[in-house]
Structures are given as structure tokens and as C-alpha cells.
Amino acid sequence: MARQQGWFALILALAIAAGALLATYGLQLGLDLRGGSQLTLQVLPNAEIRSVGREQLEAVKEVLERRINGLGVAESTLQTVGDDQLVLQLPGEQDPARAAKVLGSTALLEFRSQRPGTEKEMEGLLPLKRQLEAVIASRDPAHAAAAAEDAATPTGQAKPPKPTFSDEERGKAFRALGLSIPEGSNEATQLEALSNEVNRRVVALFGPTLITGKDLVTAGRQQQQSGQDWEVTLNFTRAGGEKFAALTQGIAGTGRVLGIVLDGRSISEATVGPEFKAAGITGGAATISGRFTAEEARDLEVQLRGGSLPLPVKIIEQRTVGPSLGAENIRRSLAAALAGLALVAVFMVLVYRLPGMVAVLALSLYALFNLALYSLIPVTLTLPGIAGFILSVGMAVDANVLIFERVKEELRSGNTLIRSIDTGFSLAFSSIIDGHVTGLISCAALFFLGTGLVKGFAVTLAIGLLLSLFTALTCTRSLLRLLMSYPALRRVTYFLPARELPSSIPSPAA
């Protein structure tokens, strides 16, 4: 009696601890339950690497994971699919376009000095480049909001005019660049075409790359002291700092500019004053200012801190799951799980009577322990994961069925009640172990050979199988033996219908 009470106390303590875990940490919901974005990315070969293999795929995955961590999206998952694809799930992220922009760009940062003899051409291109950038930025909602805040002036003072680029100015710019206006194009298309051509010509005036993003230690961001624009701060390695000092020393006081190029686009052009002619800009730090909003500066910081992608990637699919659809999935899944558990409970009580009631209590404990483990590990719960959980409940029921059928066989053969219970557990043990081991082998195959959501199904099913061993062989047995310590419950008819009892049966207290 004391031993059974000790086991019952342990089970009760575990149930309380499991409930506390769930209340403290909760469950992590996947994309299909919480809503969010899913991106499918394809890794592409380049001039140096002609084919994408497992090693290249893992290298790209490592860089993307650093960028995802920088975005601050919790519970995200990035998994490989095949030999050249990655599937990224961002629960709670409802803006896949921004995530695609940050994750899909190469983020190849280059520091390049202007070639000698190109000063006159650069002087003609930079004012046009900055005017185009200002006009295009003024059309962007984020830039417009920042500009409106920056332009706030005391009452009675005139606000600075909004940057414009008239039809006549656009036509003049096209002619100066030797371009023709695209037929049927609107103003936005023309501005973009001009900006791309000016950027191409500016980048062509720079010399070879002298410093890259590999020379960075870290990147940050800060708001400019004057105005609402943001800038990105860079900290170089020791070798990178020495390269930067030599680079700036070479152009100091010459009138030529230092170009900062990101993914083939010049994002900043800076002059270096003559005071740096002696040693260049030392200290191993630099600042990129390019009319960035807070969000753009943060995205650039994330890209630079994550590093450049070793191979280019292409977004081949974007999918968004709304929060309302996720809530509907949760509601339906919960209804299905409760309905299934209720039907199982009714079946067990009708067929196995008192042991069936014990099995229902053990299954309730099993479900509680299972969810607590999901919260503790943690396991991101998805629809396939819920399917694995419900299937593991069926496996747990199967173990109880094997035990109780053995008990009934022993009772039909004329054994005493207590002996029949002990023998039933002993005889069913090997069958239960065999069934669970084969199930775990299947889970291992699904996990190591499957991809994406199939792995989630395998994980939840494997956890459920291991827990069902504990509940069937420990919880069910302890609870049943505890009940048998009370003489009023030691009736054979609570286990077997009277019509199935042998002609001579032991006394209920035997």
C-alpha cells in the first residue's frame, strides 16, 4: 500500500510540474497555426562554383540563419529541401517582401577608390545621382514619413520644398546620358531607368575592390545628429582597419571620392579631406550615410552582420498565412483532438470497465506530459505535429488494450484478480516494447530522410511513443494497483462481464 501511494505521489508531482511548465512557457506555434510568411529560396551557381552541392547549401544556410537572427523573428525555421533549395518559415511575420529583400540579396560590400582622371565625369554624375535618389525616396512612404518629421519647423517658417524632377529635366537627363525614353513608360519607370544608368556609370569610375565585407568585425546603426536620416556604422578587423587607412590616405585631398558599393550599387560616395594625407583615417571604423530610414539602416546592418552569401539565391515562392487562418486551424485541430480523445475514452470505459477508467486517467496524464515536453524542448507545433501527437495517443491506447486483454484472458482461465493483473502486465510487456521500437524506427527514418513538416511529425510522434511507455507501464499500473488496495473495488465483475466468468471464480478479495 505504501509503495503504491509513493508512486501515486510521484505521478501527482510530475503532473503539477507539467502544468506549471505549460503555464510558464506555453506552446510554440508554427506558421500554419500562428500565421506568418514562408519563403522558398533556390541557391544558384556562379562563375566560380558551377554546381550547388550539400556543402554550398549548408554555407548559404549558415549566413541566412545569422540574418534571420538579426531580423529578430522568433521561432523561425530554415530547412534544406533537396540539393539546392531552402524553405524558411517566419511565424508572425506578415511582410514577406521585406524579409525577401533582406535574405535574398547577396550583401557583397566593397570599398573602392575613384580612378584618377575621372574627376570631371564624376562631378557631373553625382549631383544627378543624388537628385534622383531624393526624388525616388520622397515617393517611398517610409522616407516620406521621415522627411515630414524632419521638415517640421516652428510656426511661421517655410518648410523646405519637396524634391521634384520635371518632365523637361527628365528629358534633358535622358539626352545627356545618351538614352531614349522608354515608350509608354510612366514617371516612376523613367526615374528608375535613369537611376540605374547613373549608378552603373558611377560604379564604372571606381577602381578595383580594396576592402570587402569579410574585413568587418561588426556593423551597427545610429541616427544622424542633424536630421531624421540614419547611418550604418562599421568596425573593421585589424587588417581591414589598416587597409582602410591606406585606402583613405591614397585619395585624401585629391578630390576623388571613396565609393561604398553594395551588391553592385553605389550606396555612398565620400570625399576624404587633406588632413588625412599623412596616415589616412585610422581607428578601424567607418560610417555609411545614404539617406537611410531606420528600417533600411536596420536591414543593411542585418545583412552586413550576417555576412555576404557565398552563392546568389533566388526567391521562387512567397506564401503568407494570415492570423485568422491560423486561429481557425487551431480551433479545428483542438476540436478534432478533443473529439478523438472523447471517443477513445467512451470506448475504453464501455469495453474495459474499471481498467478503462484508469486508462482514460493515464491518457490524460500522457497528454499533459506530452504538451509539457513540447514546451520544454521546445517543439514548434504545426498541423503535422498535431497529427503526430494524436497518432501517439492511439499508440498509448494500444498499449493499454494489450495489457487489459491479457488481464481478461487470465481471469477467464480462473486466476485470481491480483495475479491476473500482474501477469497481464508481464505478458503484454514484450508486445508493447516491440510495437514502440518499430514505431521509433519509423520516426528515425522520417526524421533523417524527410524534410520540412515531415520532420515535425516524426519528432512529435517519437516523443509520444517514449512517453506512452511510461504512462502504460508506470502510470496505468500504479493507479490500478492503488485502486486494488481498496477491497470495495476488488471485484472481478469490474473487469469482466459476469457471463464471461468461469463457472468457479475466486472470491473478490482474493
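Model, not experiment: these values are computed from the prediction. Every heavy atom of this structure was used, including side-chain atoms; hydrogens, water molecules and symmetry mates were not.
When all heavy atoms of Pro45 and Pro312 are compared, the pair lying nearest together is O-CG, 4.2 Å. Between Gly250 and Arg256 the shortest heavy-atom distance is O-NH2, 3.6 Å. Here the shortest heavy-atom pairing between Ala372 and Ala18 reads CB-CB, 3.6 Å. Asn235 and Ala285 get closest at one heavy-atom pair: OD1-CB, 3.8 Å. Considering all non-hydrogen atoms of both residues, Ala173 and Leu128 come closest at CB-CD1, 4.3 Å. Closest heavy-atom contact between Leu125 and Val198: O-CG1, 4.0 Å.
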Give every donor-acceptor pair under 3.5 Å between a side-chain atom in residues 274-281 and any protein atom, sequence neighbours left out.
none

Would you tabulate the side-chain donor-acceptor contacts of residues 457-466 under 3.5 Å, counting partners in other chains and residues two or more places apart, or write 'none'?
from, atom 1, to, atom 2, distance (Å)
Thr460, OG1, Gly385, O, 3.2
Thr460, OG1, Gly456, O, 3.1
Thr460, OG1, Phe457, O, 3.0

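By the 4.0 Å N-to-carboxylate-O rule, Glu169 lies too far from Lys172 to be salt-bridged with it.
When side chains are defined from C-beta on, Thr80 counts as touching Glu58, because their heavy atoms get closer than 4.5 Å. For the pair Gln85 and Leu41, the minimum side-chain heavy-atom distance is 4.5 Å or more. Ile251 is listed as a side-chain neighbour of Thr254, based on a closest heavy-atom distance under 4.5 Å. Looking at heavy atoms from C-beta onward, Val135 lies in side-chain contact with Leu191 at the 4.5 angstrom threshold. Counting only heavy atoms from C-beta outward, the side chains of Ser180 and Phe174 never approach each other to under 4.5 Å. Under the 4.5 Å side-chain criterion, counting only non-hydrogen atoms from C-beta, Ile136 is in contact with Glu192. Using a 4.5 Å heavy-atom cutoff, the side chains of Ile211 and Glu110 are not in contact. Side-chain atoms of Val257 and Met122, non-hydrogen and from C-beta on, do get closer than 4.5 Å to each other.
Here CG of Leu311 is found 10.5 Å from CG of Asp84. Values are rounded to the nearest 0.5 Å. To the nearest 0.5 Å, the span separating NE2 on His436 from OG on Ser468 amounts to 2.5 Å. A distance of 6.5 Å separates CG of Leu205 from CD of Gln114, quoted to the nearest 0.5 Å. Residue Leu258 holds its CG atom at 7.5 Å from CZ of Phe206, rounded to the nearest 0.5 Å. A distance of 9.0 Å separates CG in Leu86 from CD in Glu65, rounded to the nearest 0.5 Å. With values rounded to the nearest 0.5 angstrom, Leu194 atom CG is found 6.0 Å from Phe165 atom CZ.
Qualifying salt bridge (charged side-chain N to carboxylate O under 4.0 Å, His left out) partners for Glu187, counting only residues two or more places apart in sequence or in other chains: Arg139, Arg170. For Leu210, the side chain to side chain contact (heavy atoms under 4.5 Å, CB included) partners two or more places apart in sequence, or in a different chain, are Ser113, Leu247. Looking at residues two or more places apart in sequence or on another chain, you find a side-chain hydrogen bond (donor to acceptor under 3.5 Å, both in side chains) between Arg201 and Glu197. Considering only residues two or more places apart in sequence or on other chains, Thr287 meets the side chain to side chain contact (heavy atoms under 4.5 Å, CB included) condition with Glu231, Thr233. Qualifying side-chain hydrogen bond (donor to acceptor under 3.5 Å, both in side chains) partners for Gln131, counting only residues two or more places apart in sequence or in other chains: none. In this structure Ala15 satisfies the side chain to side chain contact (heavy atoms under 4.5 Å, CB included) test together with Leu365, Leu368, Phe369, sequence neighbours excluded. Gln318 pairs by the side-chain hydrogen bond (donor to acceptor under 3.5 Å, both in side chains) definition with nothing, not counting sequence neighbours. Checked against side-chain hydrogen bond (donor to acceptor under 3.5 Å, both in side chains), Glu269 has the following partners two or more places apart in sequence or in another chain: Lys129, Arg130, Ser266. With sequence neighbours excluded, the residues forming a side chain to side chain contact (heavy atoms under 4.5 Å, CB included) with Val87 are Gln38, Thr40, Val81, listed by chain and number. Among residues two or more places apart in sequence or in another chain, the salt bridge (charged side-chain N to carboxylate O under 4.0 Å, His left out) test is passed with Asp215 by Lys243.
The closest donor-acceptor contact from the side chain of Ser375 to the backbone of Gly26 lies under 3.5 Å. With hydrogens and angles ignored, the 3.5 Å screen pairs a side-chain donor or acceptor of Thr24 with a backbone N or O of Ala20. Put simply, the side chain of Glu121 never gets that close to the backbone of Thr118: no donor and acceptor are under 3.5 Å apart. Remark: the backbone N or O of Gly117 is paired with a side-chain donor or acceptor of Glu119 at under 3.5 angstrom.
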Walk me through it: do Leu371 and Leu27 pass the test side chain to side chain contact (heavy atoms under 4.5 Å, CB included)?
-> CA-CA 8 Å; Leu371 295 175; Leu27 293 172; 4.3 Å; yes

Run the numbers on Thr212 and Leu109 for side chain to side chain contact (heavy atoms under 4.5 Å, CB included), then give the verdict.
-> CA-CA 5 Å; Thr212 68; Leu109 183 69; over 6 Å; no

I would like to know whether Thr218 and Phe236 meet side chain to side chain contact (heavy atoms under 4.5 Å, CB included); could you show each step before the answer?
-> CA-CA 7 Å; Thr218 186; Phe236 297 104; over 6 Å; no

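Atom CD of Glu55 sits in a sparse spot, with 12 or fewer heavy atoms from other residues, nucleotides or ligands closer than 6.0 Å. Atom CZ of Arg265 is surrounded by more than 12 heavy atoms from other residues, nucleotides or ligands within 6.0 Å.
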